[in-house]
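First up is the structure itself, then whatever we jot down about it.
Keep in mind that what you see is a predicted model, and the values were worked out from it rather than measured. Counting starts at 1 for both ligands and their atoms, in listed order.
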Amino acid sequence: MSAKIIDGKAIAAQIRSELTERISELKRKGITPRLAAVLVGDDPASAVYVGTKKKTADAMGMASEVIERPARTSFAELETLIRELNARKDLHGYIVQSPLPDHLDEAALVDLIDPAKDIDGFHPENVGAMTLGFPRFLPCTPAGIVELLVRSGIKIPGTETVILGRGNIVGRPMSILLSLKSPKGDSTVTLCHSRTRDLAAHCRRADILILAMGRPESVTGDMIKPGATVIDVGINRVDDSSTPKGYRLVGDAHFPSVSEVAGAITPVPGGVGPMTVAMLMSNTVMAAEAQTSRP
Ligand code: GUN
């Protein structure tokens, strides 16, 4: 193996430790940053992600809550909940964990979130601000990937970035952030998706390759430019009867072959995942600071 392993766990720990002083400062003023996560239905992966977010917040001395609702919950019931969360003075930020059950219009619900409490950065107002280069809350996974690159010493300006996957949570906002006129952007970005012809040809041009389509081990070493940086956002459960849980986690990259060719690669788990959580904590602290500095 030739690729350097980018240690997302260690970089995320660094980001969390940089937040502790700001949390202490808020607490000195009598304010404990508080976040909530709304979890609808019983998707096991979502339950794990939300649990990790809560545990991380608690360990940092912030306050947190998970608001669970059954899969059959109606749009109107969630609208009522969101309006309550918007009105609560003690709650600085919250997220609605995705995916939601099929009968719920996710975009319409996100539109109801107070943009000042939208610590996921998913509200159209925050997406618009990011797109114009005036960021408020940045979406956690793309912002975390930028931090991973910068803190790993990987230069972004002037590179060719290829992103696989155009979803609203990772691929699309990632394409926007990396193409902004900025020392953390200025990359030439190609956004690939299910209708892209010759995916492999695009991948082979990439200095930075970002995998966010959720297809286990589908990108192989022959698709990688030698020395490229590979950021693997995929977290896929594949059956494995030799493990206690009956499954193991793999990324969208076929790690054994990709790591032979790439210059640097994020592992799954321990790469992008911890960065997403750290950036959510960062957005929560930002929300608490902004809301408590108002007259
Ligand atoms: N589902 C997968 N990633 C995310 C995320 O960052 N935020 C929310 N709310 N749902 C997700």
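- Comparing Leu280, Ile169, Thr141 by heavy-atom distance to atom 4 (C) of ligand 1, the nearest is Ile169.
- Looking at Glu106 and Leu109, their side chains never come closer than 4.5 Å, going by heavy atoms from C-beta outward.
- At the shortest separation from atom 11 (C) of ligand 1 among protein heavy atoms lies Gln97 NE2, 3.3 Å.
- At least one N/O-N/O distance between Val96 and ligand 1 falls below 3.5 Å.
- Residue Ser98 places at least one N or O, backbone or side chain, under 3.5 Å from an N or O of ligand 1.
- With a 4.5 Å cut-off on side-chain heavy atoms, Ile6 and Ile231 count as touching.
- When only non-hydrogen protein atoms are considered, atom 9 (N) of ligand 1 lies nearest to Asp120 OD2, 2.6 Å.
- With sequence neighbours excluded, the residues satisfying side chain to side chain donor-acceptor pair (under 3.5 Å) with Arg248 are Asp240.
- Here the closest heavy-atom approach between residue Ala253 and residue Val258 is recorded as CB-CG2, 4.1 Å.
- Between Gln97 and Lys53, the closest side-chain pair of non-hydrogen atoms falls below 4.5 Å.
- Put simply, no part of Tyr49 is less than 4.0 Å from ligand 1, judged by heavy atoms.
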